[in-house]
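Encoded as structure tokens, the structure appears first; notes follow it.
Worth knowing before you read on, the calculation uses all heavy atoms, side chains too, and leaves out hydrogens, waters and symmetry mates. Bear in mind the structure is a predicted one, so any value in this text is a computation, not a measurement.
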There are 2 protein chains.
Amino acid sequence: MNMPTQGLPHYRKLYEILRKQITDGVFVEGDILPSENELCTIHKLTRPTVRHALDTLVNEGFIRKHHGKGSIVHKLPKGIGILSIAGTTSALGKLNLRSEILVKPIVKPWNDPFMFKLSETEINSGCIYMERIRYYNDKPIFYDINFIPNINMPRFTSRIFENRSLFDILRKNYQIEIKGGEQKIRAIEANITIAQHLSVKVGHPILHLERKFDTNRPGFFIYSSIYCNTKEQAVFGIF
Amino acid sequence: MNMPTQGLPHYRKLYEILRKQITDGVFVEGDILPSENELCTIHKLTRPTVRHALDTLVNEGFIRKHHGKGSIVHKLPKGIGILSIAGTTSALGKLNLRSEILVKPIVKPWNDPFMFKLSETEINSGCIYMERIRYYNDKPIFYDINFIPNINMPRFTSRIFENRSLFDILRKNYQIEIKGGEQKIRAIEANITIAQHLSVKVGHPILHLERKFDTNRPGFFIYSSIYCNTKEQAVFGIF
DNA sequence: ACATTTAACTTGTATATACAAGTTATTGAA
DNA sequence: TTCAATAACTTGTATATACAAGTTAAATGT
């Protein structure tokens with residue numbers, strides 16, 4: 001479970017330490033972190049490095065900084081943090097999240113029309129397609145359809161996905177890291193397929209996210225179409 | 001229209017310059033910005049300062065950086081960038097956005113229950129309430145209800161809001177800057193009120209955003225409940 | 001002509017230092 | 001006691017420098 005910090009840059013190690021202290025409750029909402037100079041002394045780092053770590057925490061919403069006062073721990077997200085990238089705020093509700101493969105990865109041509117504009121290379125190589133349902137507290141909340149360009153992805157369709165994060169597999173087996181992305185959000189009515197998968201009536205309002213993920217491979221993007229039942233659980237995000 | 005850059009820190013000035021060049025089309029998607037060292041020479045700055053400016057552009061989704069290659073201009077948001085804070089990506093569709101006051105600012109007690117947890121101070125001071133409709137291409141897209149704590153906000157209810165951004169007034173008249181925030185997102189069915197304001201049928205799926213904005217005043221937050229008709233226009237965001 | 005090595009770029013990380021500006025606690029005068 | 005000035009914090013901005021690591025283009029060898 002713990003992230004190995006060896007090999008990581010110093011600022012990243014400090015970030016992981018502080019992040020864990022916040023998520024573990026060592027620091028709670030409203031607490032003031034040790035000052036930058038104190039962190040310098042404790043971890044034998046210089047202020048720019050410490051500030052780099054704190055800046056990362058600010059960007060991910062764990063803390064807010066106030067000029068002249070200090071770094072104040074921010075309220076932790078209560079809902080499901082799908083609006084942020086995996087491994088950050090979304091990890092918080094992980095214990096109650098279970099995923100189930102609906103359609104195992106298969107190689108297919110891209111849908112036409114597709115939700116985002118595709119490059120020639122992407123179109124020509126086809127995509128790896130998979131469907132998944134994610135349960136939160138044993139209720140189906142997310143029904144997502146994923147599209148991965150079939151470029152240099154050996155043996156992908158035969159890998160075992162149950163209980164493993166898609167992004168984890170991409171990182172460990174293919175050295176693909178998610179760097180960010182963009183998304184389009186709509187409210188739609190559930191059609192028959194969505195209704196069945198999410199256990200709602202046809203016509204039920206559904207949150208629809210269309211996402212495009214940037215990776216460390218230039219020109220290589222991952223696409224997801226996610227349908228959420230937000231009846232009981234809202235989707236949460238910081239900005 | 002132009003932002004005065006005098007008085008701003010150097011990194012911010014460079015940020016504004018590059019941001020404008022991107023939004024004006026001097027640099028288009030896929031273009032590589034001048035290297036950090038070139039920007040240093042051009043603007044007579046050092047690399048940490050230049051990097052500070054570039055980091056800000058990265059955080060707001062204008063560029064992506066690739067180790068060893070350079071800073072690549074990212075695709076500009078096409079939809080309505082309400083997921084980011086005002087003045088950044090949201091400014092792009094501004095020309096087609098028109099707002100109309102539905103309920104002029106009035107002092108009221110807070111709704112009970114309220115969408116976010118309120119502090120004692122907030123509850124005791126009451127709130128300034130206002131409703132607004134925003135049109136995109138002359139169609140009503142957003143119906144938003146805003147709550148501002150009635151703490152040290154003299155003459156707020158008598159100010160003129162037409163065609164002026166709420167955040168602009170807060171900044172210019174009360175020195176309140178929005179620093180970020182959090183939001184909850186749901187898909188709901190339009191009730192009679194929402195249906196009327198957004199010109200849709202009752203039961204139409206509506207995107208509901210509940211937002212809490214952080215400001216530079218510690219403990220001072222602004223709250224908005226926003227209903228969006230996403231039938232034709234999706235809401236856009238980067239992450 | 002081709003493949004390999006090298007050099008010249010690029011961004012990433014890190015240190016050391018200095019001063020500005022906002023906040024809080026202390027000190028001192030009335 | 002009360003208020004104002006001061007000192008001692010805090011984070012914000014900025015410079016100067018160095019090396020690591022990824023990428024690309026040029027030079028070199030076969």
Side-chain angles (χ1 to χ4, degrees), chain A residues 5-18 27 30-59 62-74 175-177 179-180 214-220, chain B residues 5-18 27 30-59 62-74 175-177 179-180 214-220:
Chain A
T5 55
Q6 51 176 347
L8 289 178
H10 294 157
Y11 85 90
R12 194 77 196 176
K13 286 184 201 168
L14 177 55
Y15 158 83
E16 297 289 348
I17 290 169
L18 295 172
F27 298 112
D31 281 359
I32 299 180
L33 292 186
S35 76
E36 294 177 354
N37 283 323
E38 285 173 320
L39 290 172
C40 290
T41 310
I42 296 169
H43 298 92
K44 297 199 176 69
L45 297 169
T46 53
R47 239 192 11 132
T49 307
V50 168
R51 284 177 64 79
H52 195 172
L54 294 176
D55 285 346
T56 311
L57 289 167
V58 168
N59 282 333
F62 287 101
I63 63 172
R64 301 271 183 201
K65 300 183 81 175
H66 285 281
H67 192 176
K69 296 180 81 171
S71 303
I72 288 111
V73 175
H74 195 258
Q175 289 78 48
I176 292 172
E177 303 260 2
K179 307 284 275 186
D214 281 6
T215 70
N216 54 339
R217 281 197 200 173
F220 189 87
Chain B
T5 56
Q6 52 177 345
L8 288 178
H10 294 156
Y11 85 89
R12 193 78 196 173
K13 286 184 201 166
L14 177 54
Y15 159 84
E16 296 290 347
I17 290 169
L18 293 172
F27 298 112
D31 281 359
I32 299 180
L33 292 188
S35 76
E36 295 177 355
N37 282 323
E38 285 174 321
L39 290 172
C40 290
T41 309
I42 296 169
H43 298 93
K44 297 198 176 71
L45 297 169
T46 53
R47 247 187 90 206
T49 307
V50 168
R51 284 177 65 79
H52 195 172
L54 294 175
D55 285 346
T56 312
L57 289 167
V58 169
N59 283 332
F62 287 101
I63 63 172
R64 302 270 183 200
K65 299 183 80 174
H66 285 281
H67 192 175
K69 296 180 81 172
S71 303
I72 288 111
V73 176
H74 195 258
Q175 290 76 47
I176 292 173
E177 302 261 1
K179 308 284 276 187
D214 282 5
T215 69
N216 54 340
R217 283 197 199 173
F220 189 89

| For the residue pair Gly70(B) and Ile32(B), what are the closest heavy atoms and their distance? | CA-CG2, 4.4 Å
| How far apart are the closest heavy atoms of Tyr11(A) and Thr49(A), and which atoms are they? | CB-O, 3.7 Å
| remark: Closest non-hydrogen atoms of Phe27(A) and Pro34(A), given as atom of the first, atom of the second and distance, are CZ-CD, 3.9 Å
| message | Looking at every heavy atom in both Arg64(A) and Lys179(B), which two are closest together, and how far apart are they? | response | NH1-O, 4.0 Å
| Side chain Ser71(B), main chain Leu33(B), donor-acceptor under 3.5 Å | no
| request: Round to the nearest Å and state the distance from Ile32(A) atom CD1 to dT23(C) atom C1'. | output: 10 Å
Look for any protein N or O under 3.5 Å of an N or O in nucleotides 11-16 of chain D and output each such pair with its distance, or none.
residue	atom	partner	partner atom	Å
dT11(D)	OP1	Glu36(A)	N	3.4
dT11(D)	OP2	Glu36(A)	N	3.0
dT11(D)	O4'	Gly68(A)	N	3.3
dT11(D)	O2	His67(A)	NE2	3.0
dG12(D)	OP2	Arg51(A)	NH1	2.9
dG12(D)	OP2	Arg51(A)	NH2	3.3
dG12(D)	OP2	Lys65(A)	NZ	3.0
dG12(D)	N7	Arg47(A)	NH2	3.3
dG12(D)	O6	Arg47(A)	NH2	2.5
dT13(D)	OP1	Tyr11(B)	OH	3.3
dT13(D)	O4	Arg47(A)	NH2	3.4
dA14(D)	OP1	His10(B)	N	2.3
dA14(D)	OP1	His10(B)	ND1	3.3
dA14(D)	OP2	His10(B)	N	3.3
dA14(D)	OP2	Tyr11(B)	N	3.2
dT15(D)	OP2	Thr46(B)	N	3.4
dT15(D)	OP2	Thr46(B)	OG1	3.1
dT15(D)	OP2	Thr49(B)	OG1	2.8

| Exercise: identify the closest heavy-atom pair between Lys13(A) and Leu8(A) | CE-O, 3.2 Å
All N/O contacts under 3.5 Å from nucleotides 5-7 of chain D to the protein, with atom names and distances to one decimal?
none

| Closest approach of Val73(B) and Ile63(B), non-hydrogen atoms and distance? | CA-CG2, 4.2 Å
| request: Output the distance between atom CG (Leu57(A)) and atom NZ (Lys65(A)), rounded to the nearest 0.5 Å. | output: 9.5 Å
